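Okay, structure first, notes after.
Letters A, B, ... mirror the listed sequences (proteins, then strands); counts begin at 1. Remember, predicted model here, so these are calculated numbers, not experimental data.
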Amino acid sequence: MAKKPSVPKGTRDFSPQEVAKRNYIMETIKKSFKLFGFQPIETPSFENSDTLMGKYGEEGDRLIFKILNSGDYLSKVEEAIYSEKDSLKITPKISEKALRYDLTVPFARYVVQHQNDITFPFKRYQMQPVWRADRPQKGRFREFWQCDADVVGSDALWQEIELVQLYDAVFSDLGLKGITIKINNRKILSGIAEVIGAEDKLIDFTVALDKLDKIGEEGVKKEMLEKGISQTAIEKLQPLFSFDGSKDDKLKSLSTLLTTSETGKKGIEEVTFVIENAQKLGLKVAQLNLDVTLARGLDYYTGAIFEVSAPKGVQMGSIGGGGRYDDLTGIFGLKGVSGVGISFGLDRIYLVLEELQLFPETVEANTKVLFINFGEAEALYAMQAISNLRAKNIPAELYPDTAKMGKQMTYADKREIPFVVLAGGNEVKANRYTLKNMKSGEQVTVDLNELIEMLGF
RNA sequence: GUGGUUGUAGCUCAGUUGGUUAGAGCGCUAGAUUGUGGUUCUAGAGGUCGCCGGUUCGAGACCGGUCUUCCACCCCA
């Protein structure tokens with residue numbers, strides 16, 4: 001045999017059982033998407049490079065899978081650029097297409113391109129794979145699925161509230177209790193940066209702050225210093241590090257910190273509106289928490305920022321994220337369209353449900369009854385019954401070969417098919433069927449109507 | 001992209017300081033059982049020790065490279 005075949009790093013095959021479980025998650029999410037009034041779209045798996053490049057920050061560009069041009073692509077590269085051996089310069093010359101990195105940027109492109117056909121506010125959902133040239137880790141793949149719901153063309157904060165409810169509805173349906181929806185607002189972060197005089201360092205500031213629960217207070221301060229944020233500025237942040245208590249306490253001390261920042265005050269106002277109304281409406285399983293250190297937003301977030309973390313005790317990064325972006329479509333030439341959206345990380349949700357054993361046993365659609373094959377005449381007799389069962393929506397199949405019965409029974413056993421029908425010469429003659437329950441071992445001989453009745457509950 | 005880690009039968013893994021023909025459990029195939037699966041018993045098949053190169057009389061083991069796995073960083077779902 002030749003080399004053992006394999007799949008590329010960070011990609012996976014899915015068995016029938018795995019597909020069944022993934023479908024269960026996707027159907028659950030889709031159900032809520034529809035219930036909340038979102039409509040599906042799909043976009044190509046690859047886009048023109050300039051649609052994607054530069055939209056996710058420097059780091060993002062590195063993680064985008066580039067597709068090599070067709071034909072003799074190297075011959076078209078100018079000698080000077082070629083001999084320079086600078087990958088960054090050569091890449092755009094030899095690659096003009098790239099694999100989708102997320103669903104939000106292609107969606108923005110879609111909105112701009114089809115703006116005349118879209119009725120705003122436009123609520124769309126999209127469930128497709130995305131690709132990142134990242135190094136794999138636990139819960140981190142190079143090919144994974146995102147399930148996104150976004151609203152564009154409305155800046156009403158009720159959308160944020162609905163998205164919180166949407167998260168709650170989906171995780172409630174999945175039986176995933178104890179999840180936390182963390183919420184923050186980019187305006188609060190901007191306000192803080194403004195107050196401490198580090199406006200020009202907003203990104204570095206937020207990235208460092210985001211690591212608080214991971215590297216601790218000292219670690220954050222150290223990183224901020226390294227990024228060129230002054231000691232006096234960092235001292236002004238002190239209230240943030242001892243930030244605790246109820247949401248009212250948090251909001252009060254934030255207000256004090258941000259009295260001089262109009263932007264900051266607007267952020268507090270927004271986040272208060274969302275939290276208060278979401279709580280008035282009630283949440284089933286999710287805990288909604290204000291987390292001022294939450295910054296993991298991509299560069300384009302301008303208002304609310306969301307992140308969903310798995311229940312405590314499950315070692316997993318965020319299982320969902322999202323936020324508001326006031327001007328995403330601006331990059332593609334359509335100004336003044338505000339959008340807000342959330343994403344569900346299908347692959348990570350799968351790992352969490354698996355770990356907590358929350359998949360219902362019924363997710364695997366399986367054949368309900370296997371007919372033993374006794375020979376040609378009996379097979380025909382069996383096939384007639386099978387047609388009748390299938391007409392009643394009962395999944396049934398005939399063992400294709402006239403193998404030994406032990407082998408056929410073993411097959412049913414392995415496939416976990418709950419019933420077997422034995423219809424040999426005696427049954428054919430009597431126009432009856434022997435139905436065996438594989439779990440209990442009991443068997444009864446019945447006619448076709450009784451058979452349908454017994455299998456069709 | 002940086003640092004570390006892993007790879008031996010279909011699966012999970014043993015394999016001593018380098019030494020004859022690389023093992024176990026599970027699974028698989030056949031039989032005990034010609035109309036009955038799971039339990040039991042018996043027999044059997046199955047390996048280029050990830051791949052390429054090097055050191056050595058001799059490499060599964062040591063060295064280099066490469067691919068893969070997992071982990072940390074970066075970043076993220």
Can you measure from [atom1] ([X]) to [atom2] ([Y]) and round to the nearest 0.5 angstrom?
X      : Y      : atom1 : atom2 : value
A/D61  : A/L52  : CG    : CG    : 9.0 Å
A/M127 : A/K30  : CE    : NZ    : 6.0 Å
A/I305 : A/N185 : CD1   : CG    : 7.0 Å

Completion exercise
Assert: residue with more 5' nearest nucleotide on RNA chain B, out of A/E223 and A/A133, is A/A133
Compute whether any side-chain donor of one residue and acceptor of the other, for [X] and [Y], lie under 3.5 angstrom apart.
X      : Y      : answer
A/T302 : A/D326 : yes
A/Q126 : A/T43  : yes
A/S15  : A/E18  : yes

Under 4.0 Å, counting only non-hydrogen atoms across every strand here, what does [X] touch: a base, just sugar-phosphate, or nothing?
X      : value
A/G57  : nothing
A/Q146 : sugar-phosphate
A/S343 : nothing
A/V130 : nothing
A/G322 : nothing
A/Y411 : nothing

Rounded to the Å, how far apart are [X] [atom1] and [N] [atom2]?
X      : N     : atom1 : atom2 : result
A/E143 : B/C76 : CD    : C1'   : 17 Å
A/I203 : B/C74 : CD1   : P     : 16 Å
A/E307 : B/C76 : CD    : C1'   : 9 Å
A/I305 : B/C76 : CD1   : P     : 11 Å
A/I179 : B/A77 : CD1   : P     : 16 Å
A/L63  : B/A77 : CG    : C1'   : 13 Å
A/K9   : B/U68 : NZ    : P     : 5 Å
A/Y56  : B/C74 : OH    : C1'   : 19 Å

Exercise for the section: Please work out which of the three classes, parallel, tilted or perpendicular, describes the rings of A/F371 and A/Y433, given edges at 30° and 60°. Expected result: perpendicular
Handout entry: Expected output: side-chain A/R100 to main-chain A/V105 donor-acceptor under 3.5 Å
Key = no
Exercise for the section: Verify, without hydrogens or angle tests, whether A/Y381 (side chain) and A/G424 (backbone) share a donor-acceptor contact under 3.5 angstrom. Expected result: no
Distance between the [atom1] atoms of [N] and [M], in whole angstroms?
N     : M     : atom1 : answer
B/C26 : B/A14 : C1'   : 14 Å
B/C75 : B/U8  : C1'   : 36 Å
B/G7  : B/C62 : P     : 10 Å
B/G50 : B/U69 : P     : 16 Å
B/C51 : B/C74 : C1'   : 30 Å

Fill in the blank from the handout: Sorted by number, residues from residues 211-219 of chain A placing a heavy atom under 4.0 Å from RNA chain B are A/K211, A/K214
Problem - Neighbour count >12 (heavy atoms, 6.0 Å) for atom CD, A/E354 - result: yes
Exercise for the section: Take atom NZ of A/K368 as the centre, draw a 6.0 Å sphere, and report whether it contains more than 12 heavy atoms from other residues, nucleotides or ligands. Expected result: yes
Completion exercise
Paired with A/F344, the ring pair (Phe, Tyr, Trp, His ring centres under 6.0 Å) test is passed by just one of A/F144, A/F171, A/W145, A/Y125, namely A/F171
Problem - Under 3.5 Å donor-acceptor pair, A/R135 side-chain atoms to B/C76 base atoms - result: no
Practice task
Look at the side chain of A/R140 and the base of B/C75, then say whether one donor and one acceptor between them are separated by less than 3.5 Å.
Solution key: yes
Practice task
Please determine, for the side chain of A/R62, which listed nucleotide (B/C74, B/A77, B/C75) has the closest atom?
Solution key: B/C74
Handout entry: A/D347/A/R12 ion pair, N-O < 4.0 Å
Key = yes
Completion exercise
Where RNA chain B forms runs of at least three Watson-Crick or G-U pairs (i with j, i+1 with j-1, under 3.5 Å), the stems are B:1-4 with B:70-73, B:10-13 with B:23-26, B:28-32 with B:40-44, B:50-54 with B:62-66
Completion exercise
With sugar-phosphate taken as primed atoms, P, OP1 and OP2 and all else as base, the protein-contact string of nucleotides 29-38 of chain B at under 4.0 Å (heavy atoms; B, S, -) is --S---BBBB
